[in-house]
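Below you'll find the structure, written out as structure tokens, and then a few comments.
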2 protein chains.
Amino acid sequence: MSETGRSTRERILQAAGKLFYGEGIRAVSVDAVAEKAGLTKRTLYYHFRSKDDLIAAYLEIRDQPNLALFKRWFAEAQGDVAAKVEAIFRNLARSARHSKWKGCGFLRTSVELVNLPGHPAMVIGRAHKKRVEDWLCSVFEEAIASREARQLARQIILLMDGAFAVVLLHRDPTYMETAGAAAARLVRGMVSTPRKSIKAAKIGRTIRPRIG
Amino acid sequence: MSETGRSTRERILQAAGKLFYGEGIRAVSVDAVAEKAGLTKRTLYYHFRSKDDLIAAYLEIRDQPNLALFKRWFAEAQGDVAAKVEAIFRNLARSARHSKWKGCGFLRTSVELVNLPGHPAMVIGRAHKKRVEDWLCSVFEEAIASREARQLARQIILLMDGAFAVVLLHRDPTYMETAGAAAARLVRGMVSTPRKSIKAAKIGRTIRPRIG
DNA sequence: TTGTGTATATTCACTGGTCAGTATACATAA
DNA sequence: TTATGTATACTGACCAGTGAATATACACAA
């Protein structure tokens, strides 16, 4: 892999990323990706065996950064676990207000490949969602039992992916904040660390102008 | 519209419904729909002006029955509002266990048409989701304030659509029940009708073997 | 230094196939 | 006859993937 080779591959992936995320994998032709990358389709096929390979690579490179972003938002947020979870949704809402935002690429790709469960992109998508869930689970396990942490993590994931879908459908980012409020409420209902923090959570809830 | 005309139209819609829902609107060609309906493409184009029209009609005829099903599940369930909402999810989980289940057709179509917000099918999809939300809202309004009812309805919708997406991705219907548990928990947290039912809800929560 | 071989990287032009939609004609019933 | 409904056969555009040739860069021998 020479220097030019690597940069070419990256240019292709960048073009593919913008187009696949922006318009969907089926709506975008290989020709369109090649043109956006400023090279010939044949060159693209030198670096990627097939369109399916390209789709898989497009998701693959988004896996780690995406999870890292969640972790960063969580770590940088103030307050208890519930507030930190809610901060993730608040940041997602901010993202969703950008005009180029088109929901979750993993979820959308999985919808477009609904009848190809073994497709590499589907495998990557499932692994990504699982990784986010596992991370949330590990966070909750510091406060509650393992089985309950798993359930809670799944509920947060459900709210998040629901928000991805609903915000995209209605083009209304406030649903993301509604999801965040629900998530915080669920967390507070489960993670009541020792004893007095139940009261603390209640106070926190009362102060909020938003419901949930 | 003669008798044959109507039945032909219905045959087309039935074929389109199975194929569009089963494989996605972009993956299914008009030729495929015509063949499944047992007629030629030209005949199909006599009854529908375009593929987009057919897609819109495919969703249109699913709007009312879908909502009616939710209402029936809710009405036939035993227990308080929370239990009735949870029953909807339980029924959805049962549906999701069928091999032909492929999530929510409205949501999936909206993903496939992500860059065509004015597409008739998108308008229908948004209206459908809105109708379900409004119905849930009206149910909650019998117990709590209007603004809180709206928020709660949206949170249930978020869980439901999240479950549609996640169950489809992982092919694991238990997420639907997890979503139902979260929904019930959220409802119980808000709909504590007069005064003592707060305690009742807490007891109910403790008894449940499932978390949430 | 110069020539030669080899692997990498890229281009142009093409194939076989699919797709949405249509031109035209035919049939049947009011 | 005219309106409705159906069929055959077609168009033009697009699309994933390929064949064959070429360009570039580097290694090593003369």
Side-chain angles (χ1 to χ4, degrees), chain A residues 1-59 109 112-116 118-122, chain B residues 1-59 109 112-116 118-122:
Chain A
M1 307 302 159
S2 74
E3 186 56 38
T4 53
R6 192 160 63 238
S7 87
T8 300
R9 197 187 150 90
E10 274 164 19
R11 257 196 305 157
I12 295 170
L13 281 172
Q14 193 178 339
K18 283 181 185 169
L19 291 173
F20 284 157
Y21 179 73
E23 304 174 30
I25 58 171
R26 292 197 108 110
V28 172
S29 69
V30 176
D31 295 77
V33 175
E35 193 188 344
K36 179 117 183 164
L39 35 77
T40 331
K41 179 163 59 168
R42 199 63 185 82
T43 301
L44 188 153
Y45 274 99
Y46 177 81
H47 293 276
F48 296 91
R49 277 181 55 193
S50 65
K51 185 182 181 181
D52 288 331
D53 267 26
L54 184 57
I55 294 166
Y58 144 67
L59 288 186
T109 301
E112 295 203 70
L113 299 175
V114 68
N115 266 350
L116 300 169
H119 192 292
M122 287 289 274
Chain B
M1 305 301 159
S2 73
E3 186 56 38
T4 52
R6 194 160 61 239
S7 85
T8 300
R9 196 186 151 89
E10 274 165 18
R11 256 195 306 155
I12 295 170
L13 280 172
Q14 194 177 339
K18 283 182 186 170
L19 290 174
F20 284 157
Y21 179 73
E23 304 173 32
I25 57 172
R26 292 198 109 110
V28 171
S29 69
V30 176
D31 295 78
V33 175
E35 192 187 345
K36 179 118 185 165
L39 35 79
T40 54
K41 180 163 57 169
R42 194 62 189 83
T43 301
L44 188 152
Y45 272 100
Y46 178 80
H47 293 276
F48 296 90
R49 278 181 56 194
S50 64
K51 186 183 181 180
D52 288 332
D53 268 26
L54 184 57
I55 293 166
Y58 143 67
L59 288 186
T109 301
E112 295 203 70
L113 299 175
V114 69
N115 267 351
L116 301 170
H119 192 291
M122 286 290 274

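So that the names make sense, note that chain A is the first sequence line, chain B the second, and so on, each numbered from 1.
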Calculate the interatomic distance between [X] atom [atom1] and [N] atom [atom2]; express it in whole Å.
X      : N       : atom1 : atom2 : result
L44(A) : dT11(C) : CG    : P     : 11 Å
E10(B) : dG5(D)  : CD    : P     : 13 Å
Y46(A) : dA7(C)  : OH    : P     : 11 Å
L39(B) : dA7(D)  : CG    : C1'   : 10 Å
F48(A) : dT8(C)  : CZ    : P     : 17 Å
E35(A) : dA16(D) : CD    : P     : 14 Å

Quiz item: How would you list all residue pairs meeting side chain to side chain donor-acceptor pair (under 3.5 Å) that involve residues 13-24 of chain A, not counting sequence neighbours?
Solution: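 Sorted result for residues 13-24 of chain A: empty, none.
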Checklist entry - Which pairs count as salt bridge (charged side-chain N to carboxylate O under 4.0 Å, His left out) when at least one residue sits in residues 30-46 of chain B, sequence neighbours excluded? => result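 Pairs touching residues 30-46 of chain B that pass the test: D31(B)-K41(B).
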Whether each nucleotide of nucleotides 12-24 of chain C has a protein heavy atom under 4.0 Å at its base (B), only at its sugar-phosphate (S) or at neither (-) is summarised, 5' to 3', as B------SBBBBB
Does H47(B) make a side-chain N or O approach to OP1 or OP2 of dT4(D) shorter than 4.0 Å?
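For H47(B), the contact criterion (side-chain N or O under 4.0 Å from OP1 or OP2 of dT4(D)) is not met.
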Short side-chain N/O contact to dT10(C) OP1/OP2 from T8(A), under 4.0 Å
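Yes, such a contact exists.
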Review point. Is there a donor-acceptor pair closer than 3.5 Å between any side-chain N or O of R26(B) and the backbone N or O of E112(B)?
Key: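 A pair under 3.5 Å: yes.
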Partner residues of S29(B) under the side-chain hydrogen bond (donor to acceptor under 3.5 Å, both in side chains) criterion, sequence neighbours left out
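With neighbours one apart ignored, the set is empty.
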Tell me every residue that passes side-chain hydrogen bond (donor to acceptor under 3.5 Å, both in side chains) with N115(B), counting only those two or more places apart in sequence or in another chain.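 Testing N115(B) for side-chain hydrogen bond (donor to acceptor under 3.5 Å, both in side chains), a comparison that skips the adjacent residues, returns K102(A).
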Notebook entry, point to check: In chain order, what residues pass the side chain to side chain contact (heavy atoms under 4.5 Å, CB included) check against A121(A), with sequence neighbours excluded?
Noted result: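 With sequence neighbours excluded, A121(A) shows a side chain to side chain contact (heavy atoms under 4.5 Å, CB included) to I55(A), L59(A), T109(A), L113(A), H119(A), given in chain and number order.
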